Amino acid sequence: MTSYSSLLALIPLLPLFSAIILLFSKLPKLGVSILAVGSVASVALISLFLNFIFWQQSDFVLTASLGTWINIAQLKISFGLYLDPLSLVMITIISGVGALIHLYSTGFMYQDSDFKRYFTYLNLFISAMLFLVLADNLLLLYLGWEGVGLCSYLLIGFWYQDRSNNLAANKAFLMTRIGDTAMAIGLFLLFTQLGTLDIQEIQIKAHSVWSLTNDNNNNTMASLCCLLLLGGAVGKSAQLPLQNWLPDAMAGPTPVSALIHAATMVTAGIYLLARNSQLFQLAPDVLYLVALIGTFTLLLGASAAMVQSDLKRILAYSTISQLGYMFLALGVGAGASAVFHLMTHAFFKALLFLSAGALIYSLHHEHNIFKMGGLLKKLPVVAVSFAIGCAALASLPFTSGFYSKELILEQVVASGHTGLWWAAILGAFITAFYSARLFFVVFLGQTQLSPNTTPTKSMSLVLVILSVFSLFGGIHPEGLKTLLPQLTSEKLSTLQHWLPIILPFIAISFAWWMFKTKRFGKPVSSSLMQGIHQLLKSGWAFDYIYQTIFVSPFNYLCQLNKRDFIDLFYRLIEKTSCKLHRAFSQFQNGQLRSYNASLIIFCILAFAWFIGGELIL
Amino acid sequence: MIPISWILFLSLSLFTIGIFGVLARRNLLFVLISLELMLNAVVIVFIAASRYHSASMANSDGQIMYLLVLALAASEIAVGLSLVIHMYRQHHHLDIDKLNKLRD
Amino acid sequence: MSLFILLLMPLLGGVLAWYSERFNADLPKKIAFISLLMCWLPLIPLLNSMPFDASSLGTSQWLINESYNWIPLFNINAHLALDGLSFLLIVLTLLMGLVALSSAWHEITKRTGLFYLNLLWTLAGVLGVFLAIDLFLFFVFWEVMLVPMYFLISIWGYESRHYAAFKFFIFTQAGGLLMLLSLCALVSIHFQQTGILTFDYNILIQNPISGDFAFWVALGFTIAFLVKLPALPFHSWLPDAHTQAPTAASVILAAVLLKTGGYGIIRFVLPLFPEASIELAPFMMLIGVIGIIYGAMMAFVQTDLKRLVAYSSVSHMGFVLLGCFAFNIYALQGAVMQMLAHGISTSALFVLVGMIQHRYHTRDLNKLGGLWINLPKLSAFGLFFGIASLGMPGLGNFVAEFLILVGSFDQYPKLTIFAASGLILAAVYSLLLIYKTFFGQIKRPHKSEIADTNSKEWFTLISMCFILIYLGLHPQPFFDLVPISLMKLTFLTADIGALL
């Protein structure tokens with residue numbers, strides 16, 4: 001098995017080496033493309049090979065080690081890699097979709113002067129993400145976790161000359177850092193309680209140390225650990241309450257949005273929860289919280305996407321919403337369907353983002369959908385891929401999105417939380433609605449803006465490949481079903497079975513009606529509707545809330561103390577000693593007679609003190 | 001014999017006059033004169049002490065002390081007077097209040 | 001003899017450099033360079049036979065041990081000794097000396113001989129601090145490293161250099177005075193309690209002094225080291241001193257002088273006063289945490305680039321203080337690693353600031369911006385070291401901060417949660433540093449061409465990058481070097497269930 005282990009070890013290292021070579025080399029654009037795309041494509045080939053080897057095996061484990069990292073007393077961390085069905089699915093998605101996006105980027109970013117820097121960052125990102133999903137201990141996972149956060153920051157702020165890009169990148173990094181710190185505290189707690197950071201060991205030890213049948217105290221500890229890990233997941237996967245960095249992150253190049261903010265980095269949170277599913281089983285309260293967070297986020301994302309006018313912001317909020325679905329699935333105990341939806345979502349969301357990128361590329365960086373229209377005939381490839389992507393997003397039958405979303409809804413029914421099911425259904429309705437709205441407004445109707453260029457060959461090829469996957473990629477990986485929890489599906493009632501299938505069509509017809517009556521893009525009439533519109537458009541006003549509660553007071557407090565009030569104490573000492581100096585130097589006036597006088601007075605006093613005291617006694 | 005307290009009183013008055021002279025006079029020569037007066041006042045105590053508190057009346061320790069002090073005073077006055085001469089040559093006055101440059 | 005040779009090299013080299021200025025203005029820096037390189041010679045036999053895994057450390061803590069008679073009346077010997085901890089810090093000192101030299105190479109143009117004299121003598125003082133085992137000798141070197149640094153800041157510094165140098169000197173001198181008093185008290189109490197009059201560390205730790213007075217003596221030592229560290233509320237000399245010092249002096253200050261405080265705590269306070277340290281620990285950890293947060297908040301609002309980096313130093317050294325007093329092996333290893341990693345990353349930032357100031361003649365963040373457009377290599381380094389400063393995994397600072405937090409979580413979970421918020425605040429000011437300096441548009445276009453890093457600067461910075469990555473990914477040899485088990489430190493285990 002050792003040859004396979006070394007193959008496994010190559011997976012995260014290849015993109016890393018490629019990034020390092022790109023950093024120091026002076027290759028031309030063609031060379032950069034070949035190296036960058038080649039490294040990720042080779043990883044994709046390796047993961048396909050591994051898929052082939054472990055085809056339909058449900059419980060295989062392949063490990064590799066790249067050396068010891070830290071070895072102090074009980075803390076023994078190594079650069080260990082761990083491949084099981086879950087991580088195999090993840091590396092296949094990451095490398096597969098990643099390779100396609102790299103190929104697409106060679107066309108999209110060709111005009112850019114910072115071509116090499118872009119691919120350095122992108123390769124570094126792929127490497128960090130692979131480390132994240134292959135790590136066998138939580139510290140190495142944390143390394144990958146922060147690494148992807150760093151690359152996300154670098155790529156969002158890629159066009160660094162624009163100040164708003166810098167601020168968006170800062171926002172993304174800081175908000176995910178808050179989640180990361182919560183996760184780090186969870187790591188501390190896990191280590192001090194269980195004595196290990198190895199993931200598999202944690203699952204086993206947690207069950208023996210903290211059992212559900214024990215007293216409340218142990219349950220609290222397990223819940224606390226899971227809550228802290230959830231904090232990290234919430235930050236990275238843009239869930240409530242740390243979700244408002246994702247729409248701003250659209251400031252980066254579109255392939256970046258596709259790769260990082262749709263297919264891979266934001267799925268890290270779901271991966272974390274899925275990976276630690278046995279640990280989370282010890283904290284049912286936290287699982288319910290996960291489901292709640294997922295539900296609220298799903299509704300937030302969908303309702304906000306409904307009213308946006310920026311193409312990429314619609315897709316961003318849509319991502320937030322779909323991630324909410326995955327969290328919902330995890331929360332009700334259906335981890336396998338969450339990861340399945342992760343897989344299909346990677347395909348169709350990447351497809352949507354890349355088609356949007358092709359649109360933006362052709363329309364010379366126009367983002368406002370209400371300035372577009374009637375592009376169906378002008379950009380056929382883009383239109384068809386967009387249609388397929390929207391269809392999968394709306395979970396129309398026979399698309400991959402259909403299978404995964406239906407599975408989630410079934411699992412929610414099986415868990416017995418009917419309230420959550422109705423919320424999910426509402427979310428599905430709105431999802432189909434805004435997908436249809438997006439497609440109709442951009443591609444049908446009057447042409448306002450004519451495309452200057454058509455997408456390059458590499459871009460179109462990738463769009464075609466992803467369309468194929470979005471349609472036919474709905475195959476549930478076998479291994480997941482035994483590895484991750486899955487609820488036994490009961491008999492669904494007729495309503496529960498047919499409503500999710502019919503709902504998208506109703507929503508699309510509704511959207512068609514609104515489009516035909518030209519209700520989209522018109523300013524709303526009453527002030528109440530305007531208020532609601534504004535609230536939804538700003539993502540439930542979270543930016544404003546955070547600015548008022550956290551950012552402005554912090555800024556104010558820091559500015560208040562700019563002169564360092566502790567230093568004031570020392571400056572006071574300095575001023576006092578100066579004053580004393582000036583006071584005492586009055587005595588040194590150069591007058592001989594005053595010197596004499598003080599001398600004589602002191603002598604008399606000293607005499608009186610010493611001799612006089614003796615005489616009295 | 002007169003009580004020793006009278007002689008001490010004399011000495012004290014002379015000493016006080018001397019101190020007053022050192023502190024209150026502006027002319028350097030008068031400061032030096034007052035300094036001499038102080039020295040002589042102290043010597044009177046020496047002589048009286050040796051006369052009144054010694055074993056035999058022929059004890060002349062105090063007077064020998066006076067000779068010592070005289071020598072000391074003479075050498076001190078020599079130095080002092082040369083300084084006075086230099087000061088007069090430099091500043092053309094002998095006012096010590098105007099000599100206050102050695103300060104901040 | 002080798003340790004004395006190690007100390008003698010910079011001293012002689014400095015004098016030679018000073019004298020050589022009259023022959024050729026370029027000679028002092030070359031002589032300084034040669035003498036710094038020759039300082040490595042006594043260490044080479046050690047590097048070969050260095051026990052790089054924990055098991056082969058042997059029974060004695062000391063790798064090299066030399067003692068000479070000095071003042072037999074008080075039993076004061078010139079006792080120098082090297083163990084793993086001092087070895088690491090000495091290597092850091094010598095490396096940072098070379099970095100300081102490289103940054104001063106073109107920057108210092110007037111009175112170069114005197115400059116290199118002061119630089120080398122500061123380094124000699126620091127090497128002495130790390131090597132001295134006799135307490136009196138330790139105090140002597142403690143004072144020796146202050147005076148040349150004062151001159152460095154006062155003569156070659158920037159606008160308000162006299163104020164800054166003076167403040168630096170008075171603060172650390174006051175701490176040194178406190179240390180002298182505590183030292184004498186320690187020796188005399190030890191004499192009263194055991195009948196042995198000695199200033200030697202090895203003998204003093206055999207019988208740690210006990211009693212009420214021991215607490216005050218420990219506090220005296222601790223405050224002296226806190227001033228150097230610097231810990232709140234004794235930190236206010238640092239921003240001024242770092243900002244006004246020339247680049248080379250900033251590098252030495254940040255990388256080396258601050259570490260003498262941490263070294264002093266680990267070497268002297270913890271083993272010599274075990275009970276007093278345990279009593280002091282909660283308060284010290286609280287000061288550490290407050291320092292972390294306060295330093296970060298102050299760094300966030302600075303408009304002077306160098307002052308921002310200086311306050312970030314305060315924040316990072318708060319972690320060291322937290323780690324030293326956590327009485328936990330993870331935290332202590334983390335504290336040592338933080339000293340190494342912070343030394344490299346912060347001094348690299350100071351080198352970069354020096355390079356920016358040399359080219360643009362300003363440190364004002366409101367006037368800088370868009371540096372990446374013209375100086376991509378310099379900006380890339382700035383990005384790298386800014387990322388290191390905020391504790392990115394894969395680099396040394398993360399390993400250190402993680403270990404410190406894990407260790408102190410064992411003792412004081414609630415305090416550690418506040419310290420962990422320092423991670424977020426570190427990101428706040430580091431990102432501010434990066435985007436205000438390197439990203440955005442150019443605010444004031446320059447008439448002439450601004451040069452990117454030349455090969456010497458590039459080489460210095462890239463080697464620091466590699467060292468930092470090595471510390472981050474392969475820190476195990478450094479952990480193995482510190483002879484924790486032989487250093488007579490007490491470790492506590494806490495029952496975390498009770499504390500929560």
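Source: prediction; values computed, not measured. Order of the sequence lines fixes the chain letters, A, B, ..., with proteins taken first and strands second; residue numbering starts at 1 for each chain.
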For [X], look at atom [atom1] and say whether over 12 heavy atoms of other residues, nucleotides or ligands are found less than 6.0 Å away.
| X | atom1 | result |
| --- | --- | --- |
| B:Phe30 | CZ | no |
| B:His86 | NE2 | no |
| A:Arg163 | CZ | yes |
| B:Arg26 | CZ | no |
| B:Phe20 | CZ | no |

Output the distance between atom [atom1] ([X]) and atom [atom2] ([Y]), rounded to the nearest 0.5 Å.
| X | Y | atom1 | atom2 | answer |
| --- | --- | --- | --- | --- |
| B:Leu23 | A:Leu599 | CG | CG | 9.5 Å |
| A:Asn589 | B:Asp97 | CG | CG | 9.5 Å |
| B:Asn100 | A:Tyr595 | CG | OH | 9.0 Å |
| B:Met38 | A:Ile600 | CE | CD1 | 5.5 Å |

Donor-acceptor pair, A:Arg593 side chain versus B:Ile96 backbone, under 3.5 Å?
->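 Judged by distance alone, no pair lies under 3.5 Å.
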